[in-house]
Amino acid sequence: MTEIGIIGTGSMGTMLVDAFLESHALQEQEITIFNRSEQKALRLKESYPKIHVASSAKEVVGQSKIIFVCVKPPQIPSLLDEIADHLQPSHLLVSITSPITVEAIEANVPSKVARAIPSLINQTLSGPSLLSFGSRCTPLDKDVLTHLLRHISEPLEINEDITRVSSDIASCGPAFFSYLTQGFIDAAVRQTNITEDEATVLATNMLIGLGKLFEEERFTLTSLQERICVPGGITGEGIDVLRNETGLMFDHLFQRTHRKYYIEKKHIEDSLYNKGRLSK
């Protein structure tokens, strides 16, 4: 039996395999993977020849102690239908998606259930991950999963009511701030003679250095602004523009992501009700 099973080898499933192996949290032979498109799983095995490629999700369950569910949210009800009868109380089933609660999954399976929401940044063996545990998880289960994720991230246990906003910050945040940075670069190119390549190099190196300043705890967000933004200076002019023009932009962002979250959550829960696995 392998230690870890991963069902779904898309972006996040592959990232977890890469990170667990690069960090030496696991050995290749301790991982079993399955993907509906077998070619994706086989491509991953080309990089890691000793990992096991299962022929079904049920086989992953039979070969693993901890199973990470890395499929898209709409696929979860049918996956639970497929594997529920093969899960044992000793298994730990770990979802990486936010729209379905730990409690809803617990109602569908006999195993212990947790949620671990990673970030693509975890591929660098850094950045946050978010943890939630079901009622069947023991202190040992919590310690084991937290220790595993600590190899690749800084795990934070959160309550259900802040799952979406925490995921927006920790998991979606890199995409949001990459988009803003690209807009920063594009504006520099439009307004001046700098080339896109030059602006991109400057902006990305600035972000790398900025992260190191925070990592080394040399500044807080506020103290960094105060240090750079001297009274009457050029930076202050730029901050004024940001203050006036961003307005409620991020409020609207969180409203939009939460709206989508609740739509997906209702769709999944309705699917589980229809299958008779949840009672209203």
Side-chain angles (χ1 to χ4, degrees), residues 1-8 12-13 16 20 25 32 34 57-58 60-119 122 128-168 170-171 261-262 264-280:
M1 177 178 285
T2 57
E3 293 291 327
I4 302 296
I6 295 180
I7 300 175
M12 299 310 292
L16 287 175
F20 285 147
T32 297
F34 169 72
K58 292 180 289 187
V60 173
V61 171
Q63 293 295 321
S64 309
K65 297 177 181 178
I66 302 175
I67 302 106
F68 285 85
V69 175
C70 302
V71 301
K72 295 177 181 178
Q75 297 170 350
I76 288 179
S78 59
L79 175 65
L80 295 181
D81 266 353
E82 180 182 352
I83 67 174
D85 292 340
H86 300 269
L87 288 164
Q88 302 297 320
S90 59
H91 281 119
L92 177 58
L93 189 67
V94 184
S95 167
I96 69 163
T97 189
S98 65
I100 183 168
T101 65
V102 170
E103 291 75 17
I105 297 178
E106 270 191 330
N108 284 265
V109 298
S111 66
K112 294 168 283 191
V113 178
R115 180 167 54 202
I117 301 176
S119 165
N122 298 158
S129 62
L130 308 173
L131 285 174
S132 300
F133 296 98
S135 60
R136 299 175 195 147
C137 289
T138 66
L140 179 59
D141 295 321
K142 296 179 181 181
D143 287 345
V144 167
L145 186 57
T146 301
H147 179 73
L148 178 63
L149 289 173
R150 192 168 285 128
H151 280 85
I152 68 171
S153 65
E154 292 291 335
L156 176 67
E157 186 173 350
I158 60 170
N159 293 326
E160 181 63 37
D161 62 341
I162 63 166
T163 296
R164 183 60 256 159
V165 68
S166 299
S167 185
D168 284 343
S171 190
Y261 164 76
Y262 287 118
E264 285 195 349
K265 185 171 181 288
K266 185 178 186 304
H267 176 76
I268 293 169
E269 290 180 349
D270 284 349
S271 179
L272 292 172
Y273 290 136
N274 291 337
K275 291 176 180 294
R277 290 191 171 274
L278 284 179
S279 58
K280 293 188 177 182

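Scanning all heavy atoms of the two residues, the minimum distance from Ser271 to Pro77 falls at OG-CB, 3.5 Å. Here the closest non-hydrogen pair linking His86 and Glu82 is CD2-O, 3.5 Å. Residues Pro89 and Lys112 come closest through the heavy atom pair O-CE, 3.3 Å. Summarising the geometry of Ala170 relative to Pro128, their closest heavy-atom pair is CB-CG, 3.5 Å, with the distance given to 0.1 Å. Scanning both residues, Val60 and Gly5, for their nearest heavy atoms gives CG1-CA, 3.6 Å.
In this structure, a donor-acceptor pair under 3.5 Å is absent between the side chains of Ser119 and Asn122.
Between the side chain of Ser167 and the main chain of Thr163, no donor-acceptor pair closer than 3.5 Å is present. Although no hydrogens or angles enter the test, the distance criterion places a donor-acceptor pair under 3.5 Å between the side chain of Arg136 and the main chain of Glu106. Between the side chain of Asp143 and the backbone N or O of Leu140 there is no donor-acceptor pair closer than 3.5 Å. Between the side chain of His91 and the backbone N or O of Gln88, at least one donor-acceptor pair lies under 3.5 Å.
When each of Ile152, Leu156, Leu149 is checked for a side-chain contact (heavy atoms from CB on, under 4.5 Å) with Ser129, only Leu149 meets the rule.
Side-chain contact between Leu92 and Phe68 is absent, with no heavy atoms from C-beta onward closer than 4.5 Å. At least one side-chain heavy atom of Phe133 sits less than 4.5 Å from a side-chain heavy atom of Leu145.
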Subject >> side-chain contact (heavy atoms from CB on, under 4.5 Å) assessment of Val113 paired with Cys137 >> reply: CA-CA 7 Å; Val113 178; Cys137 289; 5.9 Å; no

Original post:
Could you walk me through whether Leu87 and Ile67 pass the side-chain contact (heavy atoms from CB on, under 4.5 Å) check?
Top reply: CA-CA 10 Å; Leu87 288 164; Ile67 302 106; 4.1 Å; yes

**OP:** Please lay out, stage by stage, how Ile4 and Leu16 fare under the test side-chain contact (heavy atoms from CB on, under 4.5 Å).
**Re:** CA-CA 11 Å; Ile4 302 296; Leu16 287 175; over 6 Å; no

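For the atom pair CG (Leu80) and CG (Leu272), the distance works out to 6.5 Å, reported to the nearest 0.5 Å. The distance from atom CD1 of Ile6 to atom OG of Ser64, rounded to the nearest 0.5 Å, is 9.0 Å. Between the CD1 atom of Ile105 and the OG atom of Ser111 there is a distance of 9.0 Å, given to the nearest 0.5 Å. Rounded to the nearest 0.5 angstrom, Leu93 CG and Ile7 CD1 are separated by 7.0 Å. Interatomic distance, Leu130 CG to Ser171 OG, rounded to the nearest 0.5 Å: 7.5 Å. Of the inter-residue distances, the one linking Lys265 atom NZ with Asp270 atom CG reads 10.5 Å to the nearest 0.5 angstrom.
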Considering only distance and modelled atom types, tabulate donor-acceptor pairs under 3.5 Å from the side chains of residues 94-101, sequence neighbours left out.
{"from": "Ser95", "atom 1": "OG", "to": "Thr97", "atom 2": "N", "distance (Å)": "3.2"}
{"from": "Ser98", "atom 1": "OG", "to": "Arg164", "atom 2": "NH1", "distance (Å)": "2.8"}
{"from": "Thr101", "atom 1": "OG1", "to": "Ala104", "atom 2": "N", "distance (Å)": "2.9"}

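Few gaps surround CD on Glu160; more than 12 heavy atoms of other groups in view lie less than 6.0 Å from it.
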